[in-house]
Amino acid sequence: MVTIFENIKKIAIKIDKAIKEEDLGYSNNCNATGDNQLKLDVASDALIEHELKTNRLIKALISEEKEDIMKVNQDGKYTVCYDPLDGSSIVDVNLSVGSIFGIYEGDNLSGDGLVAAAYVVYGPRLELVTVVKGQPAHHYRSGSSGLFSSQCDIYLNEKGKLNAPGGTQKNWSATHKKFIDSLFAEGYRLRYSGGMVPDLHQILLKGGGLFSYPGTTDKPNGKLRILFEVLPFALIYEAANAEAIDDKGNRLLEITPKHHHDTTPCFFGSKYEIAKLKEAYELNG
Ligand code: P6P
């Protein structure tokens, strides 16, 4: 497992360089879910695939940017699912973006099969968070040497101050709008950039709050992909003494997608905010 994290550190440094130096324009392609691909999306995807294919522990790869599963080594132990450059549509306005990795046992592509996760933040500083199931989530920062230095284990407070409400507001349910407004009425501060990685990273490092991407009239199953966006962050948030649920009140880590590009409504946050959400959505049975 550790060697996969070492692969991810090498990937992070290469993609960080590419973001700073390469063309920010669009390619002529779309990805598996129909999103227009930036040249950086394609380059990041290729960098990750090239690096991870060198690791004999890896059985298969699944990328947000590709339709099909890539077989790597039949004797491998893990399937790695990744979003190469999440939020890439905001990289041209110089906002932070990220890469997200879920490491699954064999071909058990479910919350139960997720044994480790990591994400990289390409921001003013290059940062990395990793977690192995059952252990604390750990925060690293890269320094002038290009190496990542250990910072701390991450834990959220029982209650936070930040509110990151995703999705087009005119397409929210009345229940969701009333709930989000109730948090602002309590004095929560709006912190939403449109980049899942920096938005969730901020709540983790600032001690708590809520990130929400609900089902909406235009996206009833939400927008965020289960295997390479939602479950990796669910493992990290639960390791940080926080919670991660869907719009039915299920732990996200109890979800098994039917298809590897499936999405789900998702809520990540401190215990107080998740309890308030369950009350607002009448999920307490
Ligand atoms: P919206 C970026 O496109 C992304 O996939 C996530 O990084 C982000 O959290 C979400 O979409 C933003 O979506 O609908 O709020 O703009």
Side-chain angles (χ1 to χ4, degrees), residues 7-52 61-68 70 80-103 117-130 142 164-168 191-204 211-213 216 218-219 221-233 236 260-264 266 268:
N7 294 129
I8 292 172
K9 289 177 183 174
K10 289 179 190 168
I11 288 163
I13 289 164
K14 289 177 180 173
I15 293 179
D16 189 49
K17 184 173 186 298
I19 290 170
K20 291 176 169 60
E21 296 175 3
E22 293 191 18
D23 183 342
L24 299 181
Y26 278 92
S27 71
N28 299 320
N29 315 315
C30 284
N31 68 10
T33 36
D35 305 325
N36 289 324
Q37 283 182 314
L38 285 169
K39 290 173 186 170
L40 268 179
D41 288 321
V42 177
S44 302
D45 190 34
L47 277 168
I48 292 172
E49 183 181 331
H50 179 76
E51 177 66 27
L52 291 182
L61 298 174
I62 301 179
S63 168
E64 182 194 280
E65 298 300 336
K66 291 193 176 70
E67 179 58 43
D68 299 322
M70 293 169 271
V80 181
C81 300
Y82 54 91
D83 182 353
L85 198 61
D86 182 81
S88 56
S89 60
I90 60 176
V91 75
D92 59 345
V93 293
N94 205 26
L95 289 178
S96 297
V97 291
S99 300
I100 313 167
F101 301 85
I103 301 167
Y119 68 82
V120 180
V121 190
Y122 307 102
R125 301 184 84 157
L126 182 60
E127 304 205 351
L128 167 72
V129 170
T130 64
S142 79
T168 305
R191 293 291 185 272
Y192 192 76
S193 72
M196 179 184 194
V197 173
D199 291 342
L200 282 162
H201 187 60
Q202 178 172 197
I203 291 170
L204 282 168
F211 175 98
S212 52
Y213 204 109
T216 55
D218 60 329
K219 297 182 176 77
N221 293 318
K223 174 183 183 183
L224 303 179
R225 287 81 168 185
I226 294 171
L227 286 179
F228 20 72
E229 291 170 331
V230 172
L231 290 182
F233 272 105
I236 289 166
H260 51 270
H261 285 284
D262 283 353
T263 63
T264 179
C266 52
F268 304 85

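When a residue number appears, it is its place in the shown sequence, counting from 1.
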ring-ring contact (aromatic ring centres under 6.0 Å, His included) partners of Y119, counting only residues at least two apart: H201, F233

How would you list, by chain and number, every residue that makes a salt bridge (charged side-chain N to carboxylate O under 4.0 Å, His left out) with K223, sequence neighbours excluded? none

Polar side-chain atom of D41 near backbone of L38 as donor-acceptor pair, under 3.5 Å: yes

Any chance you could measure D16, atom CG, to S44, atom OG, to the nearest 0.5 Å? 10.5 Å

Please answer whether the main-chain N or O of R225 pairs with a side-chain N or O of E229 as donor and acceptor at a distance below 3.5 Å. yes

So how far is it from F211 CZ to Q202 CD, rounded to the nearest 0.5 Å? 11.5 Å

Taking atom CG as the centre, does D218 end up with more than 12 heavy-atom neighbours from other residues, nucleotides or ligands that are less than 6.0 angstrom away? yes

Quick one: does any side-chain atom of S193 pair with a main-chain N or O of D199 as donor and acceptor, under 3.5 Å? no

Heavy atoms of P124 and S96 approach each other most closely as CD-OG, 3.8 Å

Decide if atom CG of N94 counts as having more than 12 heavy atoms of other residues, nucleotides or ligands within a radius under 6.0 Å. no

Nearest 0.5 Å, what's the CD-CD distance between Q37 and E64? 9.5 Å

Applying side-chain contact (heavy atoms from CB on, under 4.5 Å) between I100 and each of L85, L231, V197, L224, report the one that passes. V197

Y213 and K219, any side-chain heavy atoms less than 4.5 Å apart: yes

I need the F101 CZ to L52 CG distance, nearest 0.5 Å. 6.5 Å

Could you tell me if the side chain of R191 sits less than 4.5 Å from the side chain of I203, heavy atoms only? no

Without swapping roles, check the side chain of S99 against the backbone of V120 for a donor-acceptor pair under 3.5 Å. no

Note, I15 side chain near I48 side chain (heavy atom, < 4.5 Å): yes

Among residues at least two apart in sequence or on other chains, which ones pass ring-ring contact (aromatic ring centres under 6.0 Å, His included) with H260? none

